[in-house]
Amino acid sequence: MGEQNHHSTEQDLIQNRIDKMARIRGRGDEPFKYTFGRSCSIDGARAAFEQAEAQTDDPGQIDVRATLAGRMIAFRGHGKSSFADIRDASGSIQVYFNKKGLGQDAYDALHDLDIGDFIGVSGKIKRTRMGEITVFADSCTVLAKSLRALPEKYHGLTDIETRYRQRYLDLVANPEVLDTFRKRVAMIGAIRGWLTDRGFLEVETPMLQPIPGGAAARPFVTHHNAYDCSLYLRVAPELYLKRLIVGGFEKVFELNRNFRNEGVDAKHNPEFTMLELYEAYQDYLGLMDETEELLLHVIRTCVGGTVFSYQGDTIDAAPPWKRMTLFGAIREFAGIDLEQINDRNEAAKLAQEAGVEVEPAMGYGKIVDEVMAEKVQPNLVQPTFLYDYPVELSPLAKQKRGNPALTERYQVFIGRLELCNAFSELNDPIDQRERFMAQMKLREQGDEEAQRLDEDYLHALEVGMPPTAGLGIGIDRLAMLLTDSASIREVVLFPLLRTV
RNA sequence: GGACGGGUAGCUCAGGUGGUAGAGCAUCGGACUUUUAAUCCGGUGGCCGCGGGUUCGAGUCCCGCCCCGUUCACCA
């Protein structure tokens with residue numbers, strides 16, 4: 001009730017709600033309660049009512065009461081009676097208020113509620129004439145006042161920038177966003193469960209590293225004051241995890257954040273989540289089987305089967321998945337054979353004939369990689385393993401048995417997304433030192449992403465690492481795939497945006 | 001970094017050729033005891049992304065800048 005307020009700028013909308021808070025306090029009530037005893041969740045109440053309904057033919061006999069809490073997301077006033085919808089994490093339910101149930105004073109106090117407020121209600125659950133399961137409230141209390149208007153009920157919040165910058169609004173206004181992130185949580189849980197069941201131990205290795213290694217990427221640099229030294233945010237945990245294999249761990253994994261100081265687009269966020277696992281006495285062929293098993297387990301858990309759609313494509317992940325050599329795939333999709341070519345210029349010529357642009361700075365390995373990305377990857381909708389990559393592209397992978405130009409490495413693609421990278425780990429310290437030297441040379445030639453020589457890592461290999469296979473899975477991309485999201489920003493709660 | 005698209009009320013969006021900024025929802029007041037995008041009547045609400053310029057007059061035209069998106073470049 002109270003004074004007239006004819007304004008409605010944003011500040012006025014807020015002031016209006018502050019005034020309502022004051023009126024609530026004026027009645028001796030507290031607009032920000034400390035606790036509230038719910039009898040159950042909203043979905044729980046709904047289920048209890050439906051169960052009671054199923055056990056009787058006479059609706060009048062049903063006597064289910066509930067005390068529920070949630071955010072009021074809609075309010076429809078009708079004078080002497082009113083309807084509200086409240087929502088908690090489990091779901092939403094309609095609440096009916098009238099003077100008879102609440103009493104005059106409590107009914108009048110509804111005027112000081114706003115959409116967005118958290119409220120607690122209790123009452124008997126019944127169906128309305130329209131069949132809607134409804135709490136007929138005999139009490140209602142404000143639990144936390146909301147001072148700002150929620151986005152519009154019908155269109156929701158669609159402005160992408162606001163959705164990412166103020167994710168809390170996105171989550172409130174767009175329930176399907178909450179679902180997406182719940183799926184991500186379930187996916188990660190499925191991965192951890194599968195690995196733990198098979199004896200993999202989850203470990204944590206440094207995020208702050210003196211030498212950023214394990215991937216070809218530019219790092220973020222920071223400074224440690226007490227030691228007065230530069231440190232880098234890790235681009236990968238790989239070299240530390242393999243040190244653990246040297247030390248005697250046989251099955252380890254780490255599922256955590258990596259940081260790469262690179263551009264942002266629909267498939268890249270500067271911080272992203274990666275699973276890396278290492279298994280001693282295993283090679284890439286055995287790990288391929290395990291990768292398929294793990295991903296199948298995750299897909300079945302998250303989509304309830306093997307068939308799902310991604311960005312308009314129907315994907316059937318029923319095993320066995322297609323396996324092609326990288327060069328075989330290039331033959332099939334680009335129509336050129338780069339396998340027997342070891343001359344950089346000849347490879348460049350063939351690539352250009354296939355319609356792939358080649359820069360003068362690109363070496364043989366880079367050309368192969370480019371042909372793969374341009375001509376092969378766009379065809380890899382169904383789950384596909386590509387294996388046996390050129391040694392130039394894979395400085396941490398073991399040479400292929402019988403062909404030193406290749407490494408025992410594979411990648412997994414689904415829905416045109418590159419999801420996994422794995423190989424038989426290079427454990428020959430002499431070979432590894434030569435690979436590092438080749439990388440150093442690239443670095444001197446201006447390749448900022450070439451890997452750096454890590455003397456302690458070589459020392460570890462010299463101590464001796466058992467035969468080992470390692471796998472990396474891009475968790476964000478897997479989440480994109482399983483939630484049918486076109487952009488990585490849809491599966492990262494707070495994606496990086498420019499600070500304004 | 002380049003190209004293209006976008007930025008107008010709290011939210012969702014309209015605003016030919018330059019001429020007093022609009023709608024729906026939300027909000028405020030009124031009516032209404034079974035609505036569910038409730039309905040009906042009446043009202044409030046604007047740095048039109050920011051800064052220059054052209055013009056009698058700019059949301060609209062020109063220049064610069066900021067932010068977002070798509071794409072290319074770059075990139076596991």
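- As judged by a 4.0 angstrom heavy-atom cut-off over every strand, A:Tyr107 is placed among residues making no nucleic acid contact.
- Remark: A:Arg27 engages A:Asp112 in a side chain to side chain donor-acceptor pair (under 3.5 Å) (not counting sequence neighbours).
- With a cut-off of 3.5 Å on both pairing distances, B:U33 has no Watson-Crick or G-U wobble partner at all.
- By the ring pair (Phe, Tyr, Trp, His ring centres under 6.0 Å) test, A:His78 pairs with A:Phe83, sequence neighbours left out.
- Going from the P atom of B:A73 to that of B:G15 covers 34 Å, rounded to whole Å.
- Residues satisfying the side chain to side chain donor-acceptor pair (under 3.5 Å) criterion with A:Asp313, sequence neighbours excluded, are A:Arg416.
- Scanning residues 80-102 of chain A for heavy-atom distances under 4.0 Å to RNA chain B yields A:Lys80, A:Ser81, A:Phe83, A:Gln94, A:Tyr96, A:Asn98.
- A donor and an acceptor atom sit less than 3.5 Å apart, one in the side chain of A:His268 and one in the base of B:C75.
- Listed candidates were B:U35, B:A26, B:C25. Nearest to the side chain of A:Thr134 is B:U35.
- An OP1 or OP2 oxygen of B:A38 is reached within less than 4.0 angstrom by a side-chain nitrogen or oxygen of A:Arg76.
- Using a 4.0 Å heavy-atom criterion, one finds that A:Gly156 contacts the sugar-phosphate atoms exclusively.
- Nearest heavy atoms, A:Gly77 versus A:Ser82: CA-OG, 3.6 Å.
- Scanning for salt bridge (charged side-chain N to carboxylate O under 4.0 Å, His left out) contacts around A:Glu292 gives A:Arg323, with sequence neighbours left out.
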task: Can you check each nucleotide of nucleotides 64-72 of chain B against protein heavy atoms at under 4.0 Å and return B for base, S for sugar-phosphate only, - for none, in 5' to 3' order?
output: ---SSSS--
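- Here the separation of B:G5 from B:U20, taken at their C1' atoms, is 31 Å to the nearest Å.
- No contact: A:Ala215 has no heavy atom under 4.0 Å from any strand.
- Contacts with RNA chain B (heavy atom under 4.0 Å) in residues 376-400 of chain A: none are found.
- Side-chain atoms of A:Leu13 lie closest to B:U27 of the nucleotides B:U35, B:C75, B:U27.
- Seen from the ring of A:Tyr364, A:Arg344 does not count as a face-on cation partner, given the 6.0 Å and 45° thresholds.
- Among the nucleotides B:C75, B:U35, B:G46, the one closest to the side chain of A:Thr9 is B:G46.
- Legend: residues meeting side chain to side chain donor-acceptor pair (under 3.5 Å) with A:Asp431, ordered by chain and number and at least two apart, are A:Arg435.
- Nucleotide B:C48 is matched to nothing when pairs are restricted to Watson-Crick or G-U wobble geometry with both distances under 3.5 angstrom.
- Contacts of A:Tyr410 classified as ring pair (Phe, Tyr, Trp, His ring centres under 6.0 Å), with partners at least two apart in sequence or in another chain: A:Phe385.
- Along RNA chain B, the nucleotide closest to A:Phe75 and the one closest to A:Thr128 are compared, and the more 5′ of them pairs with A:Thr128.
- Both A:Asp159 and A:Glu132 sit near RNA chain B, but only A:Asp159 has its closest nucleotide nearer the 5' end.
- Every residue meeting the side chain to side chain contact (heavy atoms under 4.5 Å, CB included) condition with A:Asn256, not counting sequence neighbours, appears here in chain and number order: A:Met207, A:Arg234, A:Glu254.
- Taking atom C1' on both nucleotides, B:U71 is separated from B:A38 by 45 Å, rounded to a whole Å.
- With sequence neighbours left out, A:Tyr457 forms a side chain to side chain donor-acceptor pair (under 3.5 Å) with A:Lys242.
- Taking only side-chain nitrogens and oxygens, A:Lys20 comes nearer than 4.0 Å to OP1 or OP2 of B:C28.
- Annotation: cation-pi pair A:Arg452/A:Tyr232 present, NZ/CZ under 6.0 Å from the ring centroid and within 45° of its normal.
- Rounded to whole Å, the separation between the C1' atoms of B:C56 and B:C4 comes to 36 Å.
- By the 30° and 60° cut-offs, the orientation of the rings of A:Phe136 relative to A:Tyr96 is tilted.
- The salt bridge (charged side-chain N to carboxylate O under 4.0 Å, His left out) test applied to A:Lys375 returns no partner, not counting sequence neighbours.
- Here, B:C66 and B:G42 have their C1' atoms 41 Å apart, quoted to the whole Å.
- B:G24 sits 10 Å from B:C41 when the P atoms are compared, rounded to a whole Å.
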